[in-house]
Amino acid sequence: MSMLGAARHVPDALHARVPAEQRGPGLGRDAVRLLVSHGTAVSHHVFAELPTLLRAGDLLVVNTSRTLPAAVDGWLGHARVVVHFSTRGEDGRWAVELRDPDGKGTTRARVGGPAGAVVRLPGDVRLVCEERLAEGSGRLWWVRVSADVPGLLRRYGRPIRYSYTDRDQPLSAYQTVFALPSPDGAGSAEMPSAGRPFTAALVAELVSRGVQFAPVTLHTGVASQEAHEPPYPELFDVPLPSARLINAAKAGGGRVVAVGTTAVRAVESATGADGVVRAAAGRTDLLVTPERGVRVVDGLLTGLHEPEASHLLMLEAVAGRAAVDRGYAEAARRLYLWHEFGDVHLILREDPPHCERC
């Protein structure tokens, strides 16, 4: 079995149970470790060293989506359930996942629906299950809610928490330094976690060294897609100033490094077959595969997660299978911590051979 296959089952000791800043006095978010894969070459660092690993002219594409308090308690008949709000559809419905509370402050999977089922939510709000989001998948359902969902979440919601964490965290622990409020209250069901280790001071140091930032937005839904479950459309926005910054960086020989898989999906959704990024907004269900390739991204900063098929395909599209296999093997061997509060992996394409006459 490859290291990628083995990594689907993370040993308990490698789960990041609390944020880095809670692991010891004087630690900040940038105290996590940083694994760097440059082609198949691997090196080990702390995240605070990132400014020394990038070059003047490089550009980081960052996701400005805010994390929503997307988990709300409810009742389905006499049974208590937890609703994870995922994505708002074009018709005003929401894609949600129904979960069973496990008695430990987290949840476990349950079958969604059935059609017509009514979930009672706080504030006398009703949620009605209408249909599965994808044929053959019972996890996510389209539902109608009798109230404004962003307002419901602000009043009664809390961040989605998974069983590998030790305790509840405030919503602020799930916001990145890049997060911006959305006028319509939209956001991500789960934190764009690759951006979490950045601090304001680290951003300032990167800028002082000539590294640029291009903000984009992609509001992501709940993770852990089922096997063979296709990606569903998610809201994204690549504004014109960011498109121009990315194109200028490429033209000037800089590397475009996406901070998180969400940033890859956003910027690649706005990139034409000619490799030019254009301002774009709407919904994207882009699946980045080695066959499709990446048109503008030269590198990816990503957390270590139990890899879903679509996640692995994206990493391979950026760096190739050999580089990804080597990186995951090293992460497991050197006991890197996984999940949204864990360590980070910087994947860079191998530099082309130097040519005096090129």
Side-chain angles (χ1 to χ4, degrees), residues 34-41 50 53-65 176 178 192-195 197-198 206 211-218 220 231 234 236-281 284-305 307-324 326-328 344-352:
L34 175 63
L35 172 68
V36 177
S37 294
H38 199 168
T40 55
L50 182 65
L53 300 169
L54 298 176
R55 305 189 292 243
D58 288 345
L59 181 141
L60 295 171
V61 181
V62 297
N63 188 359
T64 63
S65 181
T176 74
F178 307 112
S193 56
F198 286 88
L206 284 161
V211 176
Q212 294 183 298
F213 289 81
V216 301
T217 302
L218 188 139
T220 187
E234 294 172 320
F236 83 102
D237 182 20
V238 177
L240 180 59
S242 292
R244 288 174 171 169
L245 280 169
I246 296 166
N247 291 330
K250 295 291 285 188
R255 296 174 297 185
V256 174
V257 178
V259 178
T261 57
T262 58
V264 175
R265 291 186 67 211
V267 72
E268 290 288 329
S269 295
T271 304
D274 57 1
V276 176
V277 183
R278 297 172 176 86
T284 180
D285 59 359
L286 176 66
L287 180 62
V288 178
T289 66
E291 292 75 25
R292 187 264 186 195
V294 287
R295 296 170 177 170
V296 70
V297 171
D298 302 301
L300 170 62
L301 187 71
T302 180
L304 294 162
H305 303 281
E308 301 296 330
S310 61
H311 179 82
L312 292 182
L313 290 172
M314 181 182 291
L315 301 190
E316 290 176 29
V318 173
R321 179 62 181 264
V324 178
R326 175 76 189 279
Y328 268 77
V344 189
H345 189 187
L346 174 60
I347 302 171
L348 297 170
R349 287 181 175 178
E350 192 167 14
D351 290 329

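Starting from 1, each residue takes its place in the sequence as its number. Because the structure is predicted, anything quoted here is derived from the model rather than measured.
Residues satisfying the ring pair (Phe, Tyr, Trp, His ring centres under 6.0 Å) test with Phe236, not counting sequence neighbours, are none. Legend: residues meeting side chain to side chain donor-acceptor pair (under 3.5 Å) with Thr176, ordered by chain and number and at least two apart, are absent. Residues satisfying the salt bridge (Lys or Arg N to Asp or Glu O under 4.0 Å) test with Asp237, not counting sequence neighbours, are none. Not a single side chain to side chain donor-acceptor pair (under 3.5 Å) links Arg295 to another residue, sequence neighbours left out. Residues forming a side-chain contact (heavy atoms from CB on, under 4.5 Å) with Thr261 (at least two apart in sequence, or on another chain): Leu300, Thr302, His311, Met314. Not counting sequence neighbours, the partners of Asp298 by the side chain to side chain donor-acceptor pair (under 3.5 Å) test are Lys250. By the side-chain contact (heavy atoms from CB on, under 4.5 Å) test, Ala194 pairs with Val259, sequence neighbours left out. Scanning for side-chain contact (heavy atoms from CB on, under 4.5 Å) contacts around Pro241 gives Pro239, with sequence neighbours left out. Looking at residues two or more places apart in sequence or on another chain, you find a salt bridge (Lys or Arg N to Asp or Glu O under 4.0 Å) between Arg292 and Glu268. For Ser65, the side chain to side chain donor-acceptor pair (under 3.5 Å) partners at least two apart in sequence or on another chain are Ser188, His219.
Between Val288 and Gly293, the shortest heavy-atom distance links the atoms CG1-O, 4.0 Å. When all heavy atoms of Ser37 and Ala323 are compared, the pair lying nearest together is OG-O, 4.3 Å. Summarising the geometry of Leu313 relative to Pro290, their closest heavy-atom pair is O-CD, 3.5 Å, with the distance given to 0.1 Å. Residue Arg255 comes nearest to Leu54 through the heavy atom pair NH2-CA, 3.8 Å, listed as atom of the first residue, atom of the second, then distance. Closest approach of Asn247 and Gly275 over heavy atoms only: OD1-O, 4.4 Å. The two atoms that bring Ala263 and Val61 nearest to each other are CB-O, 3.6 Å, heavy atoms only.
To the nearest 0.5 angstrom, Arg326 atom CZ is 13.5 Å from Ile347 atom CD1. Here the straight-line distance linking atom CZ of Phe213 with atom CG of Leu60 works out to 5.0 Å at 0.5 Å rounding.
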- For Leu348 and Leu53, what are the C-alpha separation, side-chain angles and deciding distance, and is it a side-chain contact (heavy atoms from CB on, under 4.5 Å)? CA-CA 11 Å; Leu348 297 170; Leu53 300 169; over 6 Å; no
- Kindly determine whether Leu218 and Thr220 satisfy side-chain contact (heavy atoms from CB on, under 4.5 Å), including the steps that lead there. CA-CA 6 Å; Leu218 188 139; Thr220 187; 4.1 Å; yes
- Could you check Leu206 against Phe198 for side-chain contact (heavy atoms from CB on, under 4.5 Å), going step by step and ending with a plain yes or no? CA-CA 10 Å; Leu206 284 161; Phe198 286 88; 3.8 Å; yes
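Using a 4.5 Å heavy-atom threshold, the side chains of Val294 and Thr271 count as separate. Counting only heavy atoms from C-beta outward, the side chains of Asn63 and Thr217 approach each other to under 4.5 Å. You'll find the side chain of Leu301 reaches within 4.5 Å of the side chain of Leu34, heavy atoms only.
Relative orientation of the His345 and Tyr328 rings is perpendicular, given thresholds of 30° and 60° on the angle between their planes.
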